[in-house]
Asker: 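Before I ask anything, let me first share the structure, which is written out below as structure tokens.
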Amino acid sequence: MTSPAHQQTVPESRLRYPAIRRAARVALLTSFLLLIVKFIAYYLTDSKAILSDALESIINVGTGAFLVMTVAISSQPADQDHPYGHGKIEAFAAGLEGGLIIFAAIMIMVEAVPAFFNPKPLTNLGPGLSLVLAAGLINLGVGLYLLHSGKKLKSDALRADGHHLLTDFYTSAGVIVALLLVRFTGIVWLDPLIACLVAVNIFLPGINLVRGAGRNLMNKADPELLDRIVACLNEIKQPGWLYPHKLRAIRSGRYHHVDLHISMPHYWTLDKIHATEQEITERLLEAMGEEGDVMIHVDPCEPEYCPDCRVTSCGDRKGEQRKSGAWTVKEVIAPRGLNDKPEPRE
């Protein structure tokens with residue numbers, strides 16, 4: 001028999017969203033101000049390396065604006081049209097940000113490669129260095145803040161933007177190195193060379209963001225989430241709970257959906273099975289610490305399960321009890337069939 005989905009709201013998860021929105025606004029405002037600073041530095045120096053940094057900041061502003069919109073949408077609760085919530089847009093945002101980083105890397109190469117073969121002397125290096133250094137340090141601080149906030153608040157979008165701002169910091173660091181080398185050596189082609197190296201450096205994080213977003217959108221299994229679910233099952237299991245299997249869990253922002261098969265004694269009443277389902281549901285959602293639902297499919301026990309059954313008063317036992325250990329993730333996610341003979345468990 002299959003139980004209806006049991007819904008439970010966890011207020012703490014909703015309380016995170018005002019903090020996520022504040023962090024998103026900080027990212028957007030910072031990106032816009034630094035964009036102005038970097039283009040001023042480029043205007044002063046005519047440096048291709050600084051231009052590469054400024055071009056990436058254009059991407060920062062665009063993704064910052066999209067981040068604010070993304071957070072507003074993902075904070076909405078599940079509804080009839082979106083029964084699993086709106087959190088998947090965060091994965092989409094991370095993928096878009098990765099794609100824009102890749103685009104920025106390509107544009108930097110387009111600007112820098114021709115300048116490498118026709119370098120021009122730079123001007124006003126002192127003020128340009130000061131502006132880029134200040135912008136880089138601000139990006140470092142805001143990027144670390146977004147990474148910390150994204151991890152604490154469980155926001156893929158904030159983490160993605162934090163990684164983006166850190167790549168911008170690495171870009172600024174490379175630009176500063178280039179300008180210092182040009183200033184002290186007089187070798188002007190070092191400027192476009194560093195710009196090309198910056199492009200390669202930000203290209204790889206962009207690829208990783210796109211790949212991570214793809215895994216999320218494709219509902220790739222989350223090992224950490226599965227570990228928490230199975231650990232909870234082992235903590236709360238009671239006599240008569242046999243062979244949980246076919247566990248599936250997906251995450252959509254703060255919303256989690258879990259479905260699970262578990263065997264129980266065939267002679268239990270419907271009321272007892274329903275109460276057991278409720279207990280499993282509530283404890284699993286509590287362990288995840290998120291909003292979501294749990295769908296439990298109950299299978300009747302089979303004679304082959306008797307050695308692992310802990311029910312002491314069972315009158316239908318067909319075998320001696322044996323010692324059984326904790327359930328493992330590998331075992332609980334396995335698609336065990338109803339009539340499959342369970343393997344001996346140590």
Asker: If you round to the nearest 0.5 Å, how far is CG of Leu165 from CG of Leu147?
Answerer: 8.5 Å
Asker: Say you draw a straight line from CG of Asn124 to CG of Leu129; how long is it, rounded to the nearest 0.5 Å?
Answerer: 11.0 Å
Asker: So, for Pro244 and Leu260, which heavy atoms are closest and what is the spacing to 0.1 Å?
Answerer: CB-CD1, 4.0 Å
Asker: Given the rule in the side-chain contact (heavy atoms from CB on, under 4.5 Å) test, do Leu140 and Leu166 qualify, once you have shown the distances and angles that lead to the verdict?
Answerer: CA-CA 6 Å; Leu140 174 63; Leu166 286 185; 3.8 Å; yes
Asker: Can you hop from Ile207 to Val210 via hydrophobic side chains spaced under 4.5 Å?
Answerer: yes
Asker: Say whether Leu137 and Leu180 are linked into one hydrophobic cluster, either directly or through other cluster members, by side-chain heavy-atom distances under 4.5 angstrom.
Answerer: yes
Asker: Search all heavy atoms of Ile229 against all heavy atoms of Ala249 and return the closest pair with its distance.
Answerer: CD1-CB, 3.8 Å
Asker: How close do Phe169 and Gly136 get, heavy atom to heavy atom, and via which atoms?
Answerer: CD1-O, 3.1 Å
Asker: Working to the nearest 0.5 Å, report the span between CG of Leu247 and CG of Leu226.
Answerer: 5.5 Å
Asker: Is Phe103 atom CZ crowded by more than 12 heavy atoms from other residues, nucleotides or ligands, each under 6.0 Å away?
Answerer: no
Asker: How close do Gly128 and Thr45 get, counting heavy atoms only, and between which atoms?
Answerer: CA-CG2, 3.8 Å
Asker: Measuring from Met264:CE to Ile273:CD1, what's the distance to the nearest 0.5 Å?
Answerer: 6.5 Å
Asker: Does a side-chain heavy-atom distance below 4.5 Å link Arg283 with Glu235?
Answerer: yes
Asker: Where do Leu158 and Ala24 come nearest, in terms of heavy atoms and distance?
Answerer: CD2-N, 4.1 Å
Asker: Just by modelled atom types, is the His148 backbone N or O under 3.5 Å from a matching donor or acceptor in the Arg159 side chain?
Answerer: no
Asker: Any side-chain donor-acceptor pair under 3.5 Å between Asp299 and His245?
Answerer: yes
Asker: Report yes if the side chains of Ile187 and Leu181 come closer than 4.5 Å at any heavy-atom pair, otherwise no.
Answerer: no
Asker: Are Met107 and Leu204 co-members of a hydrophobic cluster defined by side-chain heavy atoms under 4.5 Å apart?
Answerer: no
Asker: If you apply the rule side-chain contact (heavy atoms from CB on, under 4.5 Å), what do you find for Trp268 with Val298, and how did you get there?
Answerer: CA-CA 11 Å; Trp268 276 10; Val298 178; over 6 Å; no
Asker: Could you tell me the separation between the OG atom of Ser172 and the NZ atom of Lys38, rounded to the nearest 0.5 Å?
Answerer: 4.0 Å
Asker: Closest heavy-atom contact between Thr185 and Leu190?
Answerer: OG1-CD1, 3.8 Å
Asker: Can you tell me how far apart CD1 (Ile280) and CG (Leu285) are? Round to the nearest 0.5 Å.
Answerer: 12.0 Å
Asker: If hydrophobic clusters are built from ILVMFWY residues whose side chains come within less than 4.5 Å, do Val113 and Val200 share one?
Answerer: no
Asker: Are Leu225 and Leu284 connected in a single hydrophobic cluster, I mean Ile/Leu/Val/Met/Phe/Trp/Tyr linked by side-chain heavy atoms less than 4.5 Å apart?
Answerer: yes
Asker: Are the side chains of Ile58 and Leu35 in contact, using a 4.5 Å heavy-atom criterion?
Answerer: yes
Asker: Between Tyr243 and Ile262, is a side-chain contact (heavy atoms from CB on, under 4.5 Å) present by the stated rule, with each step listed?
Answerer: CA-CA 6 Å; Tyr243 294 105; Ile262 189 168; over 6 Å; no
Asker: Would a distance-only check, ignoring hydrogens and angles, find a side-chain to backbone donor-acceptor pair under 3.5 Å from Asn234 to Ala326?
Answerer: no
Asker: Mark yes or no: Lys237 above the aromatic ring of Trp241, with NZ or CZ under 6.0 Å from the six-membered ring centre and no more than 45 degrees from the axis.
Answerer: no
